[in-house]
Amino acid sequence: MKQVYLYGAIDRFNYGDLLLPVLLKEKLNKATSENPIEIRVFGTIQSNLSNFGALPTESLKDFYIALKANPAFVLVVGGEVLTPNWSTVYSHLPMPQNSWHASTRALRKINIQISKFLLGGYGRRPFILNPRYFPYLKGVLYNGVGGKRHGKYKRSDFKNLKNAHYLSCRDKSVLSVLHKNLPSAELVPDSAIQMSELYTTERLNHLVSEDIRLLLHEDYIFFQVSLNVANEIGMESLSEKLHFTAKTYHKKVVLCPIGTASGHDDQLALQQLKELLTDDEFILVEGPSLWDIMGLIASASLYIGGSLHGIITSMSFEVPYLFLRDRPKLVAYVDTWGVEELKGSTTLANWEQRVETALQLKVEKLKKSRDKQLQISEKSFQEMVQIIING
């Protein structure tokens, strides 16, 4: 039986990182039902977040052992995987693994080497695999990944990427950098765009928690923000805008964390906002599963937040979306695939106008954007399946 290893930054609670392997495993099993494959899931550490709906992961060390023992394809599942170094990956792991890191983060080069040693890593970057270490490696497939949006990669990184059996990236700015040396790289939406095809609103109704199921029938706006972005904008200012929006449009506002890993800390930001927003219109969701998050966004009248996969979920279910702060990956993805009226960040200065535009947007425009992405994404997925089957 052929083996496929799903590999990525999928071992900490961040909605998009946990969602992608779940979606891809189900799609791969369906696509290869006549030629069954064995699928294993690897992160940088061993984890089990199945209580949130995620797949358990084996560790990086287990990944290397498996690659040295059995012929296998590796599918790098997505995310901003072409840029992080070992220190970056380590810093997002749950405590206490990274407790030493904060006190020594100024020592960048030392941190990289220590992190690499502790994780047992090979090569310059965690997710750009060097085939020379793994004689049984049948091929690497990079699936709708993010990476550098300016500058260039070192020669060794390009050499390893050139050896990949398939390479697709998810926005035009990443593609422009890759095309300097890798003209075969393809532009493909993030595979999460396909979630509405697998997880219909009817199916989600059975997957969400009981208390969330009741919320799905309300008229609400989904709001999410990380702690650093909330502090940057200002908690008081954010609460005032949310209060204005709820009263103006007679909608509830669901405050739901999407990322609770280090560097995201949505739950801390939303807890502080809820303390400022005491009215019944504001509902704080605590400890949501993948399905709770997906279901709440799918049934919302508007998504406002700073999560790329929050936006992609909105796109998949034809829900209008607004993003906070000019994060490069958000700007680039929406510029590449989004509806014209929703491009650009939402700020305190343009909040009212942006919310009004989003809520009045015709669903036909959202559907056109979604259908285009679905068509390209499915074609890309089938190409990867054929590489695996024929390899």
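The analysis underlying the following values was restricted to heavy atoms, covering all of them including side chains, and did not include hydrogens, waters or symmetry mates.
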Salt bridge flag under 4.0 Å for residues [X] and [Y]:
X	Y	result
K30	E197	no
K365	E341	yes
K367	E318	no
K379	E383	yes
K343	E340	yes
R170	E186	no
R149	D171	yes
E58	R40	yes

Least distance between heavy atoms, [X] atom then [Y] atom:
X	Y	answer
A192	H309	CB-CD2, 3.7 Å
W337	V188	CZ2-C, 3.8 Å
Y153	V177	CE1-CG1, 3.8 Å
V208	D292	CA-OD1, 3.4 Å
L6	P21	CD1-O, 3.8 Å
L296	C256	CD1-SG, 4.1 Å

Does the side chain of [X] come under 3.5 Å of the side chain of [Y] through a donor N or O and an acceptor N or O?
X	Y	value
T88	N85	yes
E378	Q382	yes
W351	T245	yes
T313	Y15	yes
T57	D11	no

- Query: After noting the C-alpha distance and the side-chain angles of T347 and N350, does the key distance pass the side-chain hydrogen bond (donor to acceptor under 3.5 Å, both in side chains) rule?
  - Reply: CA-CA 5 Å; T347 65; N350 67 13; 3.3 Å; yes
Would a distance-only check, ignoring hydrogens and angles, find a side-chain to backbone donor-acceptor pair under 3.5 Å from [X] to [Y]?
X	Y	value
N205	E202	no
Y133	Y64	no
S239	E236	yes
Y333	D190	yes
K329	E80	no
S226	G259	no

- Could you walk me through whether Y166 and S380 pass the side-chain hydrogen bond (donor to acceptor under 3.5 Å, both in side chains) test, one step at a time? CA-CA 10 Å; Y166 185 80; S380 168; 2.7 Å; yes
- Task: Give a yes or no on this: more than 12 heavy atoms of other residues, nucleotides or ligands lie within 6.0 Å of atom NE2 of H150.
- Result: no
- Message: Would you say that more than 12 heavy atoms from the other residues, nucleotides or ligands in this model lie under 6.0 Å from the CD of Q375, or not?
- Response: no
Atom pair [atom1] ([X]) and [atom2] ([Y]), whose distance is rounded to the nearest 0.5 Å:
X	Y	atom1	atom2	value
L118	L60	CG	CG	12.0 Å
T346	R354	OG1	CZ	4.0 Å
D62	I45	CG	CD1	12.0 Å
Q267	F13	CD	CZ	9.5 Å
D157	T83	CG	OG1	10.5 Å
L175	K180	CG	NZ	11.5 Å

- For residues Y303 and I297, determine if any side-chain heavy atom of one lies less than 4.5 Å from a side-chain heavy atom of the other. yes
- Do L20 and I10 have side chains that get closer than 4.5 Å, going by heavy atoms? no
- Task: For the pair F63 and F42, evaluate ring pair (Phe, Tyr, Trp, His ring centres under 6.0 Å) and give the outcome as yes or no after the intermediate values.
- Result: CA-CA 6 Å; F63 177 55; F42 296 91; 5.1 Å; yes
- Message: Taking the ring centre of each residue, are Y5 and F73 less than 6.0 Å apart?
- Response: no
- Do V4 and L198 belong together in a cluster built from hydrophobic side chains that touch within less than 4.5 Å?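 Yes; L198 is reachable from V4 via cluster members.
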- Say whether I389 and I39 are linked into one hydrophobic cluster, either directly or through other cluster members, by side-chain heavy-atom distances under 4.5 angstrom. yes
- Going through the distances and angles, do L242 and F223 end up as a side chain to side chain contact (heavy atoms under 4.5 Å, CB included)? CA-CA 9 Å; L242 289 169; F223 181 81; 3.7 Å; yes
- Message: A cation-pi test, strictly: NZ or CZ of K274 under 6.0 Å from the centre of the six-membered ring of F282 and no more than 45 degrees from its axis. Yes or no?
- Response: no
- Identify whether NZ of Lys or CZ of Arg in K27 sits under 6.0 Å from the centre of the six-membered ring of F381 and within 45° of that ring's axis. yes
- Message: Before you tell me yes or no, could you show the steps for S377 and Q194 under side-chain hydrogen bond (donor to acceptor under 3.5 Å, both in side chains), namely the whole-Å CA-CA distance, both residues' side-chain angles and the distance that decides it to 0.1 Å?
- Response: CA-CA 8 Å; S377 180; Q194 299 188 38; 2.5 Å; yes
- Chi angles and distances behind the side-chain hydrogen bond (donor to acceptor under 3.5 Å, both in side chains) call for S345, D326: CA-CA 6 Å; S345 63; D326 286 330; 2.8 Å; yes
- Can you spot which of V77, L167, L75 makes a side-chain contact (heavy atoms from CB on, under 4.5 Å) with Y142?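 One option only clears the test, and that one is L167.
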- Task: Go through the steps to decide whether W291 and F52 satisfy the test ring pair (Phe, Tyr, Trp, His ring centres under 6.0 Å), and finish with yes or no.
- Result: CA-CA 8 Å; W291 314 117; F52 293 109; over 10 Å; no
- So E232 and R325, salt bridge (charged side-chain N to carboxylate O under 4.0 Å, His left out) or not? Walk me through it. CA-CA 9 Å; E232 183 181 306; R325 203 177 74 163; 3.3 Å; yes
- Message: My understanding is that only one of K247, K251, K252 makes a side-chain hydrogen bond (donor to acceptor under 3.5 Å, both in side chains) with E281; could you say which?
- Response: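 Option passing the side-chain hydrogen bond (donor to acceptor under 3.5 Å, both in side chains) with E281: K247.
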